[in-house]
Amino acid sequence: MQVEEQVEVLAAVFRCDRKAADLLRRVLVPQQVGAKQILARQGEASHHCWLIVDGCVAVQTFGIDGQRQQLARHGPGEFFGAYPAPTTHRAEIEVLVESRLLRAEAQSLAALVAGDAQIGAGMAWLLARQLDRALDRMATRSTYSAAGRVYSELLALADGRDHIVPAPQVTTLALSANTTRETASRAIAVLIRRGIVSREDGQMQIHAPRMLADMVV
């Protein structure tokens, strides 16, 4: 990532001026990570935090029976990892698609946040937004049907656009919606059969977003 692009990204994410973004750039180092790579393993020491520029990561935990469960998924503009101090990874962090990240040492970023009012306000806004999204996802899991949760995940991935790139994998959708792969597959098949979505050139095209939203029940 070029310096100018990095400054612009950080200024947008933290809602700060270029001077503050340049300070952030000095501690947030660009990192390109391929799909299916493991950034961190459950139980390992955690000294770093990440900001996603492009791509998606899943936070997954393994129970005593070895069963995998997805706790969260983070996309562009979201923050995760150790902060404000080193800790132990509570879950495994897997990169779902090729991703561009910015990585910082937890204490270095925390010191910068504490010492600059603009950056501190930006971090507070960033974390508050993520908390709001997390609460939305919890509410979805508690109140919607299994198929409705799958459709809600699709809308979240689209984020107001008429397409999702790359097209989501059924297994990933099922984990995100806290349902089985078979249920997620049937839910997608219904959408395709009704012409609400289609898969084209590695992406999912949403032809009727209002109809999709109406199916989130």
Side-chain angles (χ1 to χ4, degrees), residues 1-62 68-139 156-157 159 172 175-176:
M1 183 187 301
Q2 298 297 318
V3 170
E4 184 64 24
E5 181 186 6
Q6 191 176 346
V7 169
E8 289 181 3
V9 166
L10 290 169
V13 170
F14 284 84
R15 296 187 171 188
C16 61
D17 61 24
R18 292 181 61 84
K19 181 179 178 182
D22 192 58
L23 291 175
L24 286 163
R25 180 188 63 80
R26 298 173 192 274
V27 299
L28 283 155
V29 180
Q31 184 179 19
Q32 189 88 16
V33 186
K36 305 304 179 184
Q37 296 298 306
I38 304 300
L39 275 182
R41 298 192 181 277
Q42 187 172 335
E44 289 182 341
S46 175
H47 298 278
H48 294 90
C49 49
W50 290 266
L51 180 68
I52 303 177
V53 178
D54 289 311
C56 184
V57 305
V59 182
Q60 304 166 137
T61 188
F62 296 87
R68 180 195 300 254
Q69 182 174 2
Q70 182 167 295
L71 300 179
R73 183 173 56 195
H74 299 298
E78 294 194 314
F79 177 82
F80 65 95
Y83 183 83
T87 183
T88 299
H89 283 291
R90 300 177 183 86
E92 179 180 271
I93 303 173
E94 179 185 6
V95 179
L96 298 179
V97 297
E98 185 172 357
S99 301
R100 291 194 301 162
L101 312 174
L102 294 171
R103 188 183 77 163
E105 195 277 325
Q107 290 177 309
S108 297
L109 181 59
L112 191 57
V113 169
D116 187 284
Q118 252 194 87
I119 295 174
M123 178 62 83
W125 177 85
L126 174 62
L127 295 180
R129 183 182 64 173
Q130 284 193 211
L131 175 60
D132 188 56
R133 289 178 176 175
L135 291 173
D136 276 347
R137 290 165 184 159
M138 289 174 64
L157 288 172
D159 195 23
T172 302
L175 284 169
S176 300

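Quick note: numbers below take in every heavy atom, side chains included, and nothing from hydrogens, waters or symmetry partners. Being a predicted model, the structure only gives us computed values, none of them experimental. The first residue of the sequence shown is numbered 1, and numbering continues consecutively from there.
- Ser99 contributes a side-chain N or O that, together with a main-chain N or O of Cys56, makes up a donor-acceptor pair within less than 3.5 Å.
- When all heavy atoms are compared, the tightest approach of Phe62 to Gln42 is N-OE1, 3.0 Å.
- Note that CG of Asp132 is 12.5 Å distant from CG of Leu127, once rounded to the nearest 0.5 Å.
- The two residues Ile52 and His74 have their closest heavy-atom pair at CD1-O, 3.2 Å.
- At a threshold of 4.5 Å between non-hydrogen side-chain atoms, the residues Arg26 and Leu112 do not count as touching.
- Using a 4.0 Å cut-off between charged nitrogen and carboxylate oxygen, Asp22 and Lys19 do not count as a salt-bridge pair.
- Contact of the Gln32 side chain with the Glu98 side chain is registered, since non-hydrogen atoms from C-beta on lie closer than 4.5 Å.
- Using a 4.5 Å cut-off on side-chain heavy atoms (C-beta onward), Leu101 and Leu39 make contact.
- Across all their heavy atoms, Leu10 and Ala21 have their closest contact at CD1-O, 3.7 Å.
- A salt bridge between Glu4 and Arg18 is present, with a side-chain N of the basic residue lying under 4.0 Å from a carboxylate O of the acidic one.
- To the nearest 0.5 Å, atoms CG (Leu23) and CG (Asp17) are separated by 9.0 Å.
- The nearest pair of heavy atoms linking Pro76 to Asp54 is CG-CA, 4.4 Å.
- Residues Leu24 and Cys16 meet the side-chain proximity criterion, which asks for heavy atoms closer than 4.5 Å.
- Leu102 contributes atom CG, which lies 11.0 Å from atom CZ of Arg25 (distance to the nearest 0.5 angstrom).
- With hydrogens and angles disregarded, no donor-acceptor distance shorter than 3.5 Å links the side chain of Glu78 to the backbone of Gln130.
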For residues 80-97, run the donor-acceptor check on the side chains, cut-off 3.5 Å, and write out each pair with its distance to 0.1 Å, sequence neighbours left out.
residue	atom	partner	partner atom	Å
His89	NE2	Ser46	OG	3.3
Glu94	OE1	Gln60	NE2	3.2

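- Taking the side chain as every heavy atom from C-beta outward, His48 and Gln31 never approach each other to under 4.5 Å.
- Considering all non-hydrogen atoms of both residues, Asp116 and Ala20 come closest at OD1-CB, 4.3 Å.
- Side-chain atoms of Glu44 come within 3.5 Å of backbone atoms of Arg41 as a donor-acceptor pair (strictly under, hydrogens ignored).
- Atoms CD and NE2, on Gln107 and His47 in that order, are 9.0 Å from each other to the nearest 0.5 Å.
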